[in-house]
Amino acid sequence: MTRLAARNISVKRAYEAPAADDGSRILVDRLWPRGLPKTEAAIDLWLKDIAPSTGLRKWFGHDPARWQEFRQRYVEEIHQHPEELDELRTRAKAGRVTLVFAAHDEAHNNAVVLRDVLLGRVS
């Protein structure tokens, strides 16, 4: 497997304005960000299936105390979606991608875990 360049994969809240250097903007949440019109989001691709399952998302509840276990469980779920993972890898090899998420916590969210999986930081 070819190693992806970290500079090619970034994460960004959906509520932040799109930027020219975002590259391909990929929404990685199961639900559309609340109150965000699709015209303002500038999403190029929505990969719902690679987002955490509803059960895992509700269990986590964005509680930092559950972060490590959430990471482990979510990594297992990610690997159950090889086609979506391959799509992300292909796009990141071709150029910059921004994994877009809606959570308030920029350090403890699914996009951070997904980026780490893509960069080979967790397996």
Side-chain angles (χ1 to χ4, degrees):
M1 177 172 51
T2 306
R3 191 160 196 93
L4 297 172
R7 70 181 174 278
N8 278 12
I9 305 171
S10 64
V11 297
K12 189 174 195 178
R13 287 196 72 227
Y15 303 102
E16 292 180 49
D21 66 347
D22 283 349
S24 183
R25 292 173 50 87
I26 303 169
L27 180 62
V28 293
D29 284 346
R30 195 163 296 274
L31 305 173
W32 187 265
R34 188 176 301 162
L36 183 66
K38 292 185 179 181
T39 54
E40 291 179 25
I43 297 299
D44 298 303
L45 178 66
W46 186 6
L47 289 178
K48 296 178 196 178
D49 291 338
I50 205 160
S53 65
T54 300
L56 180 58
R57 180 176 52 82
K58 288 181 177 182
W59 171 84
F60 176 46
H62 299 287
D63 179 354
R66 293 183 172 181
W67 175 241
Q68 290 305 322
E69 187 169 348
F70 170 78
R71 283 179 58 89
Q72 292 171 348
R73 290 182 185 189
Y74 182 41
V75 167
E76 290 174 13
E77 287 189 3
I78 289 170
H79 290 296
Q80 293 173 12
H81 299 281
E83 287 122 17
E84 290 83 358
L85 198 53
D86 287 345
E87 172 76 15
L88 287 170
R89 284 187 179 120
T90 298
R91 286 177 178 254
K93 286 177 191 172
R96 186 169 178 88
V97 298
T98 298
L99 305 177
V100 179
F101 65 97
H104 292 285
D105 188 336
E106 294 186 29
H108 303 100
N109 64 72
N110 61 299
V112 170
V113 178
L114 186 52
R115 178 192 60 204
D116 287 348
V117 168
L118 289 167
L119 293 175
R121 296 176 180 165
V122 294
S123 53

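All values below come from the heavy atoms of this structure, side chains included, with hydrogens, waters and symmetry mates left out. Residues: numbered from 1 along the sequence shown. Note that the coordinates shown come from a computational prediction; the quantities given were computed from them, not determined experimentally.
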Roughly how far, to the nearest 0.5 Å, is [atom2] of [Y] from [atom1] of [X]?
{"X": "Ile9", "Y": "Lys93", "atom1": "CD1", "atom2": "NZ", "answer": "10.5 Å"}
{"X": "Asn110", "Y": "Phe101", "atom1": "CG", "atom2": "CZ", "answer": "8.5 Å"}
{"X": "Thr98", "Y": "Lys12", "atom1": "OG1", "atom2": "NZ", "answer": "6.5 Å"}
{"X": "Asp44", "Y": "Arg91", "atom1": "CG", "atom2": "CZ", "answer": "6.5 Å"}

- Asp116 with Arg71: basic N within carboxylate O range, under 4.0 Å: yes
Using atom types as modelled and distance alone, determine if a side-chain donor or acceptor of [X] lies under 3.5 Å from a backbone N or O of [Y].
{"X": "Arg115", "Y": "Ser10", "answer": "no"}
{"X": "Asp29", "Y": "Leu31", "answer": "no"}
{"X": "Asp22", "Y": "Arg25", "answer": "no"}

Side chains of [X] and [Y] in contact at under 4.5 Å (non-hydrogen atoms):
{"X": "Val113", "Y": "Phe70", "result": "yes"}
{"X": "Leu99", "Y": "Leu118", "result": "yes"}
{"X": "Arg13", "Y": "His104", "result": "yes"}
{"X": "Asp49", "Y": "Arg30", "result": "yes"}

- Other cluster members, Ile43 - Ile/Leu/Val/Met/Phe/Trp/Tyr, side-chain contacts below 4.5 Å: Tyr15, Leu27, Trp32, Leu36, Trp46, Val100
Smallest separation among heavy atoms of [X] and [Y], with atom names:
{"X": "Asn8", "Y": "Gly95", "value": "ND2-O, 3.7 Å"}
{"X": "Pro52", "Y": "Leu56", "value": "CB-CD2, 4.2 Å"}
{"X": "Ala14", "Y": "Pro33", "value": "CB-CG, 3.6 Å"}
{"X": "Pro64", "Y": "Asp105", "value": "CG-OD2, 4.3 Å"}

- Under a 4.5 Å side-chain heavy-atom rule over Ile, Leu, Val, Met, Phe, Trp and Tyr, are Trp67 and Trp59 clustered together? yes
- Which of these passes side-chain contact (heavy atoms from CB on, under 4.5 Å) with Leu114: Leu119, Ile78, Ile26, Asn109? Ile78
- Query: When Leu85 is tested against each of His81, Glu87, Arg89 for side-chain contact (heavy atoms from CB on, under 4.5 Å), which residue passes?
  - Reply: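 Single pass found, and it is Arg89.
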- Task: Using the side-chain hydrogen bond (donor to acceptor under 3.5 Å, both in side chains) rule, pick out the option among Glu76, Glu77, Glu69 that qualifies with Arg73.
- Result: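 Of Glu76, Glu77, Glu69, side-chain hydrogen bond (donor to acceptor under 3.5 Å, both in side chains) with Arg73 is met by Glu69 alone.
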